[in-house]
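Computation of the quantities below employed the complete heavy-atom set of this structure, encompassing side-chain atoms and omitting hydrogens, waters and symmetry-equivalent molecules. Ligands are counted one by one from 1 in listed order, and the atoms in each one are counted from 1 as well.
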Amino acid sequence: MAFFTSAPIIQLEVKTMSDNFKVTNEIKEEFRNVMCSCMEGSQPQGRHVIYTSMESLPGAMIANTHMNLDEDHPLHQVLKEAGITYGDLALADKDPALGNGGLGRLTACIQEGCATQKIPFTVSTLCYRSGLFCQKLENGMQVETPDNWRSEDGTYFFEFPAPEKAKWVSFIHDGVHDGQYVWVEMVPSAIAQIGAGGGCSLTWVWKVGKIHAPYGMDLTNLKRIDEVLYINDRDIRLMQEYCVSSATVQTAVEECLRQGRPVEDLPKLFCLHINDTHAGLMIPELIRILRDEHHKTLEEAWAIAVELFVYTNHTVLPEALEEWEQWRMNNILPARLVIALQDVDRITRGQLDASPVSLCQQDKERMYIIHDGRVRMANLCIHAAYSVNGVAKLHTQILCDSLLAPFYRYAPRKFCNVTNAVGFRKFLGYSNPELTKLIGAFMDREDWINHPEDMAKLLPHVEEPWLQAQFTAVHAGRKAILADFIRHQRGIYIPEYFLFQVQVKRFHMYKRQLLNCLYILWLYRRIKENKNFDMVPTAFIFGGKSAADYFQAKEVIRLVLALEKLINNDPDVNGKLRVAMVENFNVTNAMPVYTAADVSVQISTAGKEASGTGNMKFMVNGGLTLGTLDGANVEIYEAVGDEGMFLFGLKEHQISAMKGIYRSRSFYEQDSQLREVVDMLTDGSLMTTFPALRHELLDGEYGKAADEFFVLADFRSYVDANRRVWERYRKPEEWAKQCLRNIALSGEFSSDRMVREYESKVWNRQ
Ligand code: F58
C-alpha cells in the first residue's frame with residue numbers, strides 16, 4: 001500500500017489545471033493496465049453479490065487505484081520518476097457522476113471493502129450521460145450545470161466496454177402504438193475498483209444502445225433512459241428502473257446457465273441486493289423470466305426469488321418510499337411483467353391471510369404490495385427479500401417499531417441492522433497520510449488500516465503530551481490545506497487559528513443547515529451588540545448540493561451565501577466569525593474537507609437521518625461531533641460517551657410525542673433573541689430576503705405543520721452545546737486528547753467491519 005509515502009499532499013487541490021497535464025495519457029494507460037490485470041487475476045470464490053443501485057459514487061478512479069497499489073508496485077516508481085504527486089493524481093481524472101449523496105457513496109465504500117476482502121461483488125447501475133450536476137455558486141445562489149464527466153464521444157477513460165454482454169429490455173410504448181413492444185438494448189461497460197492487495201470488484205454501468213421500435217414511433221423518451229439520475233419525468237424514471245433491473249436479472253440468469261447450472265441454483269450462485277427500492281422490479285422480472293423462458297410455475301419461481309433477494313432500506317422519509325401508479329406501470333411495462341407483479345401480490349396476500357401471526361385488516365392493508373391503484377415498492381421488496389436491513393441502530397429500530405411494524409411482527413427474523421461505515425483507506429489513509437503515519441507508529445502491523453480494530457491500540461497513549469502535540473501539528477497542517485483550498489476556490493480567507501466548524505452534506509430541510517444559519521445570525525447579533533463578546537473565533541464551513549427543484553433547500557444555500565457576504569466583509573465581526581461554502585462538494589473535493597474539521601456538525605432532526613456517513617469520515621480524522629441523537633450519531637455516542645461528543649437537541653421519542661402539538665410560534669414569541677434572528681430573514685438586514693424560510697418556520701408550507709423539522713425547538717439547546725465546544729476548545733491538550741481518543745474508538749466505522757457483517761448476516765456467504 002502507498003499510505004506511508006511522505007507525498008507532498010499539501011499540494012492537493014491547490015494546483016492549477018496546467019499542472020495536471022503531467023499526468024499524461026501514457027500514465028493513465030498504465031493505470032488502465034493495472035485495472036485490467038487485477039480484473040483478470042481476481043477470481044473470488046462463493047456466492048456472488050450483485051448490488052443493484054441507481055447510485056454509485058466511487059470518486060476518481062486513478063486515485064482509487066493508486067491508493068490500493070502495493071508499496072512495491074512498479075507504478076509508484078514510474079510516477080516518482082515523472083514527478084507526479086497524489087495531488088496530480090487526484091485531479092487527473094473526473095469523479096464518475098453516477099450518484100447524488102450518501103446512498104451512492106455507501107455503495108462505493110462497500111465495494112472497496114469487498115474488493116479488498118476478495119468478496120465477489122458487482123455493482124449494477126445506469127451510466128448517466130449527464131452527471132447529477134456540477135454546482136456553481138453564482139450571484140449568491142446555486143446554479144446547476146451539466147457534469148460532463150465523460151468525454152465528448154460518451155466514453156470514460158477507465159471503463160471497459162462489454163458490448164457482447166448487452167441485454168434487450170422491452171417496453172410497451174407510446175399510446176399511438178398501443179400494445180406493440182419496443183426493445184431497448186442495454187450495453188454494459190465495467191469500471192474496476194481495485195482493492196488493497198489487488199482484489200477487484202466491478203461496476204456494470206448500463207447505457208442505452210440500439211432501439212427497435214415500429215416505424216415512425218417517437219423515440220425521445222427511450223433515448224433519455226440513461227440521461228440523468230432521478231430524472232424529472234416519471235415515465236422515464238420507471239423505464240430507468242426497469243432497464244437496470246431487467247439487465248441485471250438477465251445477466252445473473254445467463255451466467256447461471258453458462259456455468260451449466262439449473263435456474264434453481266441461482267440462489268447458490270448469487271445474492272441480488274436491492275439497494276433502496278429503486279431496483280425492486282428485479283423481483284417480478286425474475287418471476288417473468290423463470291416462467292416464460294424456463295417454464296417454471298409461479299410457485300417454483302417464487303421459491304427461487306425468496307432465497308435470492310435482500311433489501312436495504314436507507315430512509316424513513318415518506319417522499320423517498322417509492323410508489324408507482326398502477327396505470328403507469330400498465331402503460332409502460334410489458335404485460336407479462338405486470339402479471340408477475342399481480343401474481344406476487346396475490347401470493348403474498350394469501351400468505352398474510354394464512355399467517356399464524358395475528359394481523360388485523362388494517363395491518364394487512366399496510367402490507368399489501370398493490371393497494372388503491374398504487375404499487376408500493378418497499379412492500380414488494382420486503383415480501384420477497386429473505387433479509388431486510390436498516391443502516392444504523394435507531395433507523396432499524398424505527399423501521400421495526402413504526403414504519404414497517406406489521407412486517408416486523410409478521411417476519412421478525414428477516415430484519416437486522418448493519419450500521420453503515422466508510423472506507424478508511426480512502427478517507428484516512430489516502431486523504432490524510434500525515435495522520436495515518438502518526439497513528440501507524442502505535443500499530444504492530446504495516447497493514448493495520450485493513451484491520452480497523454487495531455486502532456484501539458492508540459487508546460493507552462492519548463494522554464501523552466508529545467502525541468497530543470503531534471496531532472495538533474498534523475491537524476493544523478490539514479487546516480492550512482483546507483484554508484488554501486477555500487481561498488483558491490471561493491476567494492474567502494479563513495484564518496487557520498479559527499475553530500473550523502464544518503457541515504457538509506446534501507442540502508435538505510431535515511438536515512437543518514437552517515439551524516446552523518440561525519445560530520450564525522445569533523452570533524452575529526451578539527458580536528454586533530458587544531464587540532467584546534466572549535467566543536472562540538469560528539469559521540462555519542458548508543458544502544453540499546440541493547436538488548435542482550427543491551426550492552426551500554436552495555433558499556438555504558442562498559442564505560449561507562448571504563451570510564458569507566454579510567459576515568466576511570464586516571470588520572466588526574470578521575475577527576471572530578467567518579462563513580464559507582465549498583463549491584461543488586464531490587468525492588474529490590470532500591477529502592481536504594473531512595480531514596480538516598475541528599467540529600463535525602451533524603444536527604438532523606432526531607429520527608430523520610437514517611445513518612449519515614460524513615459523521616464517521618470526520619471522526620476518523622479527529623473531528624469532534626456536535627450533533628443530535630440521530631442516525632449513526634447514536635453509535636458514535638455509544639462509542640465515545642459524553643466526553644467525546646457534544647450532544648444536544650430533542651430525542652426521537654420527544655419529537656414523536658410533539659407531533660401535532662408542536663407550536664414553533666411559541667418558541668419564537670418567548671425568546672426575543674430567537675425572534676430577532678428569524679426576523680432578520682425578512683427585514684432586509686441580509687441585503688436580500690428569505691420569506692419562504694420564515695414562512696416554513698412559523699406557518700408551514702403546503703398545509704404542513706410549521707417548522708416540520710423542529711428547528712426553533714432545538715435552537716437554544718444548539719446554542720448551549722456550542723458553548724460547551726468553546727469551553728473544551730480553550731483547553732488545547734484536552735481537545736487533542738479527545739480527538740485522539742475518538743480516532744482510537746473509530747474502528748467500528750470502517751467499511752471492513754460493515755462488509756464482514758453483510759457477509760455473515762445478510763449475504764449468507766459464511
Ligand atoms: C442516505 N439516503 C441516507 N437517499 O439519507 C443517509 O442517512 C445514509 O447514511 C445513506 O443513505 C447511506 O445509507 C440517500 O442518500 C437518497 O438520496 C434518495 C434518493 C432518491 C430519492 C429519495 C432519497
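Look at E759 and R756 and you find no salt bridge, because none of the NZ, NE, NH1 or NH2 atoms lies under 4.0 Å from a carboxylate O. With respect to K608 and D630, no salt bridge is recorded, no charged nitrogen being found less than 4.0 Å from a carboxylate O. A salt bridge is absent between R753 and E748; no separation between the charged side-chain nitrogens and carboxylate oxygens falls under 4.0 Å. With salt bridges taken as basic N to acidic carboxylate O contacts below 4.0 Å, none links D147 and K94. A salt bridge does not link E112 to K426: none of the charged nitrogens lies less than 4.0 Å from a carboxylate oxygen.
Taking the six-membered ring for Trp and thresholds of 30 and 60 degrees, F171 and Y242 have ring planes more than 60 degrees apart, a perpendicular arrangement.
Residue-level contacts of ligand 1 at the 4.0 Å heavy-atom threshold are E55, N100, G102, L103, L106, Y230, H278, H314, A320, V391, N420, Y510, E609, A610, S611, G612.
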